Chemist: 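Dropping a structure here in structure tokens format, bear with me for questions.
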There are 2 protein chains.
Amino acid sequence: MTRMLNALKKRLARCCAPLQGTRVSEKDALRYARLFKALGDETRIEIVSLLANAGKELCACEIEAHFDLSQPTISHHLKILREAGVITAERQGLWIYFKLNRPCSGDMADFMRLLK
Amino acid sequence: MTRMLNALKKRLARCCAPLQGTRVSEKDALRYARLFKALGDETRIEIVSLLANAGKELCACEIEAHFDLSQPTISHHLKILREAGVITAERQGLWIYFKLNRPCSGDMADFMRLLK
DNA sequence: CGATTATATTGACAATTTTCTATATATGTG
DNA sequence: CACATATATAGAAAATTGTCAATATAATCG
């Protein structure tokens, strides 16, 4: 068997056919990763579930009251959720109210559509 | 104004009405957090998008070929995705094929339903 | 069996994340 | 203005994560 045939055989033995098609853009990959990173923490999932269950906006102190964590720690988690677009914040006098930003589930739906 | 009235006023000035209803269970919070943590990395999002776009299973070497990362690093990411139930793996001879585990989007749908 | 190839695991290091204490900022009250 | 309260920020320590080089394991081939 010639060397050429060996090379051909090796190519046929490839594990996968070559791929075409495009991957998600780097920009979208970053966007999705940021959203999921924000949700990838047990405390933050519970904050989100608290807001979802309340069905209304809650001030930071109410949220804090449900956790065994310091005020700055909860403030930090709220900031991460806010920056990822999962929640929004609005000051009313002395309090700052947080609520779910429902459009964010649009991003998640986009991602699920990607999965087909 | 008596001290009692002051205390009452303070209670009326509460930022939020007390909450009833139940939060997500701790078990579910962990489950969601693990899923989202797995997806909260740009490389892993791109692996998932690669598999989604290919529309078929891919062996590890094919996946590796799309990244500028070492083989052990990709292997590590594949393991995390596998353990979170995002992908499944099946050995066929020398190669191990990875494919999307579509039921995982059921978990995500559950979470989105939580958000209402 | 020995050699080769594909993938996984180990162990180390660097980067990032979570958490805290201490302090700052913003708003409201007397 | 001084004081109280709600939230944010800074800075540091501890835990977790992403990465790599080296090595191990598993399957195949001769």
Side-chain angles (χ1 to χ4, degrees), chain A residues 1 5-7 9-16 29-30 33-47 57-84 87-99, chain B residues 1 5-7 9-16 29-30 33-47 57-84 87-99:
Chain A
M1 211 192 263
L5 281 180
N6 269 323
K9 188 175 157 202
K10 196 169 263 179
R11 211 168 313 141
L12 287 173
R14 260 183 68 88
C15 45
C16 325
L30 258 166
R34 208 177 56 139
L35 171 61
F36 291 129
K37 202 172 294 197
L39 294 172
D41 177 275
E42 207 189 336
T43 299
R44 293 195 291 268
I45 288 286
E46 296 200 28
I47 291 174
E57 51 192 22
L58 297 177
C59 71
C61 61
E62 178 74 36
I63 295 171
E64 279 157 31
H66 287 79
F67 294 92
D68 206 22
L69 292 168
S70 71
Q71 176 268 319
T73 297
I74 297 297
S75 180
H76 171 246
H77 286 307
L78 290 170
K79 184 181 188 181
I80 288 175
L81 288 170
R82 198 153 33 80
E83 288 177 347
I87 63 178
T88 58
E90 191 188 348
R91 182 180 279 275
Q92 280 176 39
L94 208 43
W95 297 296
I96 300 183
Y97 286 87
F98 295 89
K99 69 175 171 198
Chain B
M1 208 193 260
L5 280 181
N6 269 324
K9 188 176 158 202
K10 197 169 261 176
R11 211 169 313 138
L12 287 174
R14 261 183 67 89
C15 46
C16 322
L30 257 167
R34 207 176 54 139
L35 170 62
F36 292 129
K37 203 173 294 199
L39 293 171
D41 176 277
E42 208 189 336
T43 300
R44 293 196 290 268
I45 288 286
E46 296 199 28
I47 290 174
E57 52 192 19
L58 298 177
C59 70
C61 61
E62 178 74 36
I63 295 171
E64 279 158 31
H66 286 79
F67 295 91
D68 208 22
L69 293 169
S70 72
Q71 176 268 320
T73 296
I74 297 297
S75 180
H76 172 245
H77 286 308
L78 290 170
K79 184 181 188 181
I80 287 174
L81 288 170
R82 198 153 33 80
E83 287 178 346
I87 63 178
T88 58
E90 191 190 347
R91 182 179 279 275
Q92 281 176 37
L94 208 43
W95 297 296
I96 300 183
Y97 287 87
F98 295 89
K99 68 176 171 197

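All of these numbers come straight from a predicted model, not from anything done at the bench. First the proteins, then the strands, lettered A, B, ... as listed; each starts at 1.
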Chemist: Test of understanding: with side chain to side chain contact (heavy atoms under 4.5 Å, CB included), list the residues that count as partners of B:Ala65, not counting sequence neighbours.
Modeler: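 For B:Ala65, no residue satisfies side chain to side chain contact (heavy atoms under 4.5 Å, CB included) once neighbours in sequence are set aside.
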Chemist: How close or far is atom P of D:dA8 from atom NZ of A:Lys79, stated in whole angstroms?
Modeler: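 Distance, rounded to whole Å: 9 Å.
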Chemist: To the nearest 0.5 Å, what is the distance between OH (B:Tyr97) and CD1 (B:Ile63)?
Modeler: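 Answer for the OH-CD1 pair, B:Tyr97 versus B:Ile63, is 11.0 Å.
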Chemist: Nucleotide by nucleotide, 5' to 3', does protein get under 4.0 Å of the base (B), only the sugar-phosphate (S), or neither (-) in nucleotides 10-19 of chain C, counting heavy atoms?
Modeler: -------SSB
Chemist: For B:Glu83 and D:dT16, give me the distance from atom CD to atom P, rounded to whole Å.
Modeler: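 Rounded to the whole Å, the gap is 15 Å.
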Chemist: Find which nucleotide of DNA chain C each of A:Ile74 and A:Arg91 is nearest to by heavy atoms, and output the residue with the more 5' nucleotide.
Modeler: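 First, find each residue's nearest nucleotide; the 5'-ward one identifies A:Ile74.
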Chemist: Between A:His77 and A:Ile47, is any pair of side-chain heavy atoms under 4.5 Å apart?
Modeler: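 Of all side-chain heavy-atom pairs linking A:Ile47 with A:His77, at least one is under 4.5 Å.
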Chemist: Measure the distance from CD on B:Glu42 to C1' on D:dT17 and round it to the nearest whole Å.
Modeler: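 Computing the B:Glu42:CD to D:dT17:C1' distance gives 15 Å.
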Chemist: Dump the pairs, protein N or O against N or O of nucleotides 13-15 of chain D, anything under 3.5 Å, distances to one decimal.
Modeler:
none

Chemist: Any N or O donor-acceptor pair under 3.5 Å from the base of C:dA8 to the side chain of B:Gln71?
Modeler: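 Check passes, donor-acceptor contact within cut-off.
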Chemist: Please report the interatomic distance CD(B:Glu90) to CD(B:Glu57), rounded to the nearest 0.5 Å.
Modeler: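 Rounded to the nearest 0.5 Å, the CD-CD separation comes to 6.0 Å.
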Chemist: Just the rounded figure in Å: distance from C1' of C:dT7 to CD1 of B:Ile87.
Modeler: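 Result: 13 Å.
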Chemist: Considering only heavy atoms from C-beta outward, does the side chain of B:Lys99 approach that of B:Leu58 to under 4.5 Å?
Modeler: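 No. Closest side-chain heavy atoms not under 4.5 Å.
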Chemist: Can you tell me the distance, in whole Å, between the CD atom of A:Glu64 and the C1' atom of C:dC20?
Modeler: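 Computing the A:Glu64:CD to C:dC20:C1' distance gives 14 Å.
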Chemist: What pairs of donor and acceptor atoms, side-chain ones from residues 68-75 of chain A against any protein atom, are under 3.5 angstrom apart with sequence neighbours left out?
Modeler:
residue	atom	partner	partner atom	Å
A:Ser70	OG	A:Thr73	N	3.3
A:Ser70	OG	A:Thr73	OG1	2.9

Chemist: How far does CG of B:Leu81 sit from CD1 of B:Ile45, to the nearest 0.5 angstrom?
Modeler: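 With rounding to 0.5 Å, CG (B:Leu81) is 8.5 Å from CD1 (B:Ile45).
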Chemist: For the pair made of CG in A:Leu94 and C1' in C:dT29, what is the distance, rounded to whole Å?
Modeler: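 Answer to the nearest Å: 10 Å.
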Chemist: Report all side-chain donor-acceptor pairs from residues 35-42 of chain A shorter than 3.5 Å, counting only partners two or more places apart or in another chain.
Modeler:
residue	atom	partner	partner atom	Å
A:Asp41	OD1	A:Thr43	N	2.9
A:Asp41	OD1	A:Arg44	N	3.1

Chemist: For A:Ile96, report the nucleic acid contact type (base, sugar-phosphate, nothing); a contact means any heavy atom under 4.0 Å.
Modeler: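 Sugar-phosphate contact only - A:Ile96 comes under 4.0 Å of backbone atoms but never of a base.
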Chemist: Tell me every residue that passes side chain to side chain contact (heavy atoms under 4.5 Å, CB included) with A:Arg82, counting only those two or more places apart in sequence or in another chain.
Modeler: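 Side chain to side chain contact (heavy atoms under 4.5 Å, CB included) check on A:Arg82 returns A:Lys79, A:Ile87, A:Ala89, A:Phe98.
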Chemist: Whole angstroms only, please: what is the CG-P distance between B:Leu78 and C:dT9?
Modeler: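 In whole Å, C:dT9 P lies 11 Å from B:Leu78 CG.
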Chemist: Within this structure, what is the CG-to-C1' distance between B:Leu81 and D:dG18, rounded to whole angstrom?
Modeler: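 B:Leu81 atom CG is separated from D:dG18 atom C1' by 13 Å.
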